[in-house]
Amino acid sequence: MIALERLHKTYPARGGARHAAVTALDDVSLHVQPGEIFGVIGRSGAGKSTLIRTVNLLERPDQGVVRVGGVDLTGLSPHALQQQRQRIGMVFQHFNLLQSRTVAGNVRYPMQLAGGRTAAEMDRRVDELLTLVGLAHLKDRHPSQLSGGQKQRVGIARALANEPHVLLCDEATSALDPETTEQILSLLADVSARLQLTVLLITHEMHVIHSLCDRVAVMEQGRIVEQGRVLDVFLDPQHATTRSLLAHAGFLLDEGAATEPGRPHLQITAVGAAAQSPLLDRLREQHGIRLNLLEGRVTHIKGEPVARLRADVLGADVPLDRIPTLVAELGGHARWLNEGITR
Ligand SMILES: Nc1ncnc2c1ncn2[C@@H]1O[C@H](COP(=O)(O)OP(=O)(O)OP(=O)(O)O)[C@@H](O)[C@H]1O
């Protein structure tokens with residue numbers, strides 16, 4: 001649905017010739033499938049905003065192709081581009097609402113710009129959208145009379161006004177408190193499923209990725225350094241930037257050592273039903289495997305539990321090298337954290 005091919009973007013030097021030009025996008029390619037929620041994460045300055053703004057050509061790449069719904073936007077006339085943009089909704093970090101208009105007036109605005117609907121049709125659509133985002137009772141308020149979360153609900157309703165097939169979310173929850181963030185993320189998950197939207201979002205917050213996204217790309221200095229299914233990237237991050245972002249968000253286990261040198265030291269991961277099963281109990285009951293639990297954590301990735309723990313093996317009725325197989329038989333995955341365990 002969204003295909004970005006080999007994008008390059010360089011901003012000219014700011015503040016005179018002593019300053020170098022900035023490469024914000026350096027050969028970036030990205031494909032978002034229909035109906036997918038795709039997240040791009042990276043530190044400040046990585047190029048995320050530039051990337052998302054190229055999708056509706058708010059930012060024009062110096063090189064590369066931007067295709068949305070099969071249409072190459074870079075080759076369109078201004079009028080044709082305007083028409084295509086109406087099918088691409090956008091939600092902003094700071095809401096960007098018109099202060100002089102009511103809630104209903106803000107949601108109505110993009111429909112007025114697009115034309116083609118009668119006043120009664122627009123009224124009906126405004127009501128429908130405000131009901132969808134849970135704000136029907138506030139339709140006559142002005143933005144200054146709303147909380148941040150309510151403002152973002154208006155922003156989402158407005159983005160959906162012209163029935164887009166693609167929704168771009170530019171740090172949509174970064175200005176909100178944690179509780180409101182959760183509500184807005186669940187609203188986005190709900191509307192994207194209901195309306196079968198394709199969503200591309202950028203964020204610097206890892207929990208946005210694991211609670212909402214199907215796939216993720218990690219950006220660093222204008223490049224995508226890693227991408228894949230969220231679960232795969234979380235469980236086995238390949239790039240140092242990904243590991244660092246996950247570590248800062250508290251998702252990685254400590255690189256702690258065994259409690260005694262040479263003691264077998266194990267990491268166990270379990271996903272879905274296995275994460276909720278009494279796996280450790282079964283290892284002990286069925287195979288006499290006694291574990292000293294050192295660290296453990298459960299994360300939910302798109303609502304699915306992912307359990308990870310780190311433990312020493314104190315004893316077992318089976319040879320140690322059987323343990324990974326026995327864990328796998330119970331639906332988990334085990335990996336030795338110290339080398340040379342073959343006994
Ligand atoms: N209009 C501009 N003129 C010059 N440089 C710019 C401009 N916009 C962005 N940049 C630079 O391009 C690089 C990428 O910026 P961008 O805003 O895309 O990153 P980001 O990952 O979205 O960061 P943040 O999370 O801080 O918004 C940065 O070094 C930034 O300073």
Side-chain angles (χ1 to χ4, degrees), residues 2-32 37-66 68 73-74 85 88-96 148 151-152 155 159 166-178 181 184-185 188 199-213 215-228 230 233 237 239-249 251:
I2 302 175
L4 308 178
E5 310 281 2
R6 310 208 65 167
L7 299 185
H8 289 259
K9 175 78 186 179
T10 300
Y11 293 108
R14 279 192 284 211
R18 280 194 305 116
H19 296 265
V22 177
T23 301
L25 298 179
D26 183 5
D27 201 15
V28 170
S29 295
L30 194 77
H31 296 93
V32 185
I37 305 185
F38 195 109
V40 177
I41 190 160
R43 297 195 184 90
S44 184
K48 308 179 295 294
S49 301
T50 305
L51 178 68
I52 202 165
R53 289 163 60 84
T54 59
V55 178
N56 52 8
L57 291 195
L58 287 180
E59 203 69 72
R60 219 168 243 282
D62 302 329
Q63 281 176 49
V65 175
V66 176
V68 179
L73 301 189
T74 42
R85 277 186 178 148
I88 306 173
M90 191 155 187
V91 179
F92 301 90
Q93 178 177 2
H94 295 295
F95 325 123
N96 296 11
K151 285 180 195 168
Q152 198 54 297
V166 167
L167 187 64
L168 306 176
C169 299
D170 183 354
E171 298 273 8
T173 55
S174 299
L176 305 174
D177 64 63
T181 292
I184 294 295
L185 292 179
L188 284 170
V199 180
L200 176 65
L201 65 86
I202 61 164
T203 183
H204 63 274
E205 297 172 311
M206 220 18 128
H207 69 270
V208 171
I209 300 289
H210 76 77
S211 56
L212 198 57
C213 298
R215 284 196 299 147
V216 61
V218 181
M219 276 193 90
E220 172 80 11
Q221 294 189 336
R223 301 186 71 95
I224 291 178
V225 295
E226 178 161 6
Q227 62 174 307
V230 172
V233 171
H239 194 273
T241 302
T242 317
R243 280 199 292 276
S244 160
L245 288 166
L246 285 168
H248 277 98
F251 288 117

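Start at 1 and go down the list; that is how both ligands and their atoms are numbered.
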Mind checking salt bridge (Lys or Arg N to Asp or Glu O under 4.0 Å) for Glu59 and listing every partner two or more places apart, or none if nothing turns up? Lys9, Arg53
For Lys48 and Arg43, indicate whether the former's side chain and the latter's backbone hold a donor-acceptor pair under 3.5 Å. yes
Near-ring test His210/Phe251, centroid separation under 6.0 angstrom: yes
So, His31 and Glu5: side-chain donor and acceptor under 3.5 Å apart, yes or no? yes
Neighbour list for ligand 1 [protein residues, heavy atom under 4.0 Å]: Tyr11, Arg14, Val22, Ala24, Arg43, Ser44, Gly45, Ala46, Gly47, Lys48, Ser49, Thr50
Can you find a heavy atom in the side chain of Leu188 that is under 4.5 Å from one in the side chain of Leu201? no
Please test Tyr11 against Thr23 for side chain to side chain donor-acceptor pair (under 3.5 Å), starting from the C-alpha separation and ending with a verdict. CA-CA 6 Å; Tyr11 293 108; Thr23 301; over 6 Å; no
